[in-house]
A.B. asks: 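Please see the structure below; I have some questions.
Each ligand, and each atom within it, is numbered from 1 in the order the structure gives.
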Amino acid sequence: MTQSDHKYLVIPGPVEVRREILEAQSQWMIGHRSSEFAALYGRLHSKLQQAFFTESRVFMVGCSGTGFWEGASRNCIRDDQKVLHLRGGAFSDRWASISEANGKQVDTLDVEWGEAHTPEMLKEALQNGPYDAVCMVHNETSTGVTNPVKDLAAVVHAEAPDTLVLVDSVSGFLGTELCTDEWGLDLVLTSSQKAFALPPGIAFAAVSDRVLARAEQIEYRGYYFDFLEIDKSAQKNNTPSTPPVSLMFAADQQMDDILAEGIENRWARHIAMKEMTHEWATSRGFGLYADEPYRSNTVTTVDNREKGIDVNEMSKFMAGRGFAMDKGYGKIKGPTFRIAHMGDMQIATLEEVFDGLDAFIGK
Ligand SMILES: *Cc1c(COP(=O)(O)O)cnc(C)c1O
């Protein structure tokens with residue numbers, strides 16, 4: 001392995017962060033009411049708009065992605081209206097629980113783990129509305145399924161034009177195609193530590209005018225994630241409370257590097273890594289857990305049921321080679337394990353991961 005001072009993270013979050021990005025955090029601190037901060041906010045914001053493919057605002061808050069789940073549920077769903085959550089894995093389940101924990105009226109559209117939501121089933125489920133919002137997960141990290149968000153959003157707009165489309169792209173953003181405005185997504189939330197390849201602790205959300213108009217109709221939006229307050233500060237390139245300045249330095253540097261690579265090139269690199277991973281897994285007698293047309297570009301959930309390797313032993317063996325491996329998530333831990341191929345990982349590194357896994361299997 002190329003490094004010996006740490007384990008390279010092959011887990012689906014947090015992912016490996018390059019040393020240049022870690023070092024970008026060590027710049028001298030600045031006050032967040034200073035003009036230097038406003039300049040940092042402004043230039044990072046315009047790069048984030050490019051990354052989200054949006055002309056709307058992008059919020060940045062010191063929290064993990066979960067914070068914006070709660071913010072989205074609170075600001076977008078009125079108490080006397082319903083929300084439809086599309087569930088098919090651990091993360092989409094959790095977002096629905098968060099809406100419930102905030103007292104919202106939750107309907108769910110469930111698919112088996114490993115399956116995707118289709119426009120047809122969504123069209124039917126919308127008959128049970130009206131819904132203030134439909135919440136969906138772009139890339140379900142537990143199962144390795146990418147939902148057809150573009151087509152799902154189109155169905156919502158055609159069938160229920162007043163319904164907001166809220167999307168979790170925590171593990172898709174900057175690893176797989178996502179076009180906020182063109183696809184008509186009202187809110188897209190993400191966190192830093194997945195395909196964005198930043199340290200954990202800052203989350204981002206592209207937010208449409210329709211979302212803010214809805215928030216105005218809601219009296220109790222909470223405090224920390226009150227979108228109207230966040231927007232008021234954002235208009236002055238500022239934040240209501242103290243932001244994670246060091247992480248914003250890192251994000252600013254990382255966005256420069258991502259734009260230099262090219263966002264479409266970054267998506268293409270992820271597709272290449274996905275294809276390599278499928279080829280490795282299937283040629284070694286493993287299955288692929290996710291349904292065929294919906295397999296994720298950023299994480300592969302390897303079906304270990306037939307082959308039955310001991311994932312704990314595998315993980316120990318790989319740690320000896322300098323790699324931190326996943327052992328599966330939640331109820332499918334063991335029968336499956338995940339190989340994350342996201343962020344700044346390069347093809348050569350992924351090949352070293354496969355060499356290690358081959359050495360373990362052949363052992
Ligand atoms: C990791 C993950 C989350 C949770 O994000 P945090 O930043 O840990 O709060 C939510 N959704 C998906 C799809 C994820 O992969």
A.B. asks: Honestly, is K327 close enough over F337, meaning NZ or CZ under 6.0 Å from the six-membered ring centre and within 45° of the axis?
C.D. replies: no
A.B. asks: Out of L109, V83, T163, V165, which residue meets the side-chain contact (heavy atoms from CB on, under 4.5 Å) rule with V134?
C.D. replies: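 Single pass found, and it is T163.
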A.B. asks: Taking atom types as modelled and ignoring hydrogens, do the side chains of R33 and N238 form a donor-acceptor contact shorter than 3.5 angstrom?
C.D. replies: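 Per modelled atom types, R33 and N238 side chains form a pair under 3.5 Å.
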A.B. asks: For the aromatic rings, using the six-membered ring if either is Trp, is the centroid distance between F68 and F204 under 6.0 Å?
C.D. replies: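 That pair fails the under 6.0 Å test.
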A.B. asks: Could an N or O of ligand 1 be found under 3.5 Å from any N or O of E140, whether backbone or side chain?
C.D. replies: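 Looking only at distances, the answer is no, because the N/O contact criterion of under 3.5 Å is not met.
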A.B. asks: Give me the nearest non-hydrogen protein atom to atom 11 (N) of ligand 1 as residue plus atom name, then the distance to 0.1 Å.
C.D. replies: D168 OD2, 2.7 Å
A.B. asks: Of the choices K194, E70, M342, which has the non-hydrogen atom that lies closest to atom 2 (C) of ligand 1?
C.D. replies: K194
A.B. asks: Within 45 degrees of the ring normal and closer than 6.0 Å to the centroid, is that where the cationic atom of K194 sits relative to F91?
C.D. replies: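 Yes, K194 lies over the aromatic ring of F91.
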A.B. asks: Do me a favour and list the nearest non-hydrogen protein atom to atom 15 (O) of ligand 1 with residue, atom name and distance?
C.D. replies: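 Nearest neighbour among protein heavy atoms for atom 15 (O) of ligand 1, to 0.1 Å: T141 OG1, 2.4 Å.
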A.B. asks: Do V170 and ligand 1 have an N or O pair less than 3.5 Å apart?
C.D. replies: no
A.B. asks: Would you find a donor on one side and an acceptor on the other, under 3.5 Å apart, between the side chain of H341 and the backbone of L350?
C.D. replies: no
A.B. asks: Using a 3.5 Å cut-off on N or O atoms only, is N139 in polar contact with ligand 1?
C.D. replies: no
A.B. asks: Report, in ascending order of atom number, the atoms of ligand 1 lying under 4.0 Å from any heavy atom of S64.
C.D. replies: 6 (P), 7 (O), 9 (O)
A.B. asks: Near Q193, which atoms of ligand 1 are under 4.0 Å from a heavy atom of that residue?
C.D. replies: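 By the 4.0 Å cutoff, the relevant atoms are 6 (P), 7 (O), 8 (O).
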A.B. asks: Centre-to-centre under 6.0 Å for F286 and W280, is that the case here?
C.D. replies: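 Under 6.0 Å, so yes.
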A.B. asks: Quick one: look up the protein heavy atom nearest atom 10 (C) of ligand 1 and list residue, atom name and how far away it is.
C.D. replies: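 Checking every protein heavy atom, the shortest distance to atom 10 (C) of ligand 1 gives W69 CZ2, 3.2 Å.
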A.B. asks: Please compare G201, A340, S191, G67 and report which has the shortest non-hydrogen distance to atom 5 (O) of ligand 1.
C.D. replies: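 Selected option, by shortest heavy-atom distance: S191.
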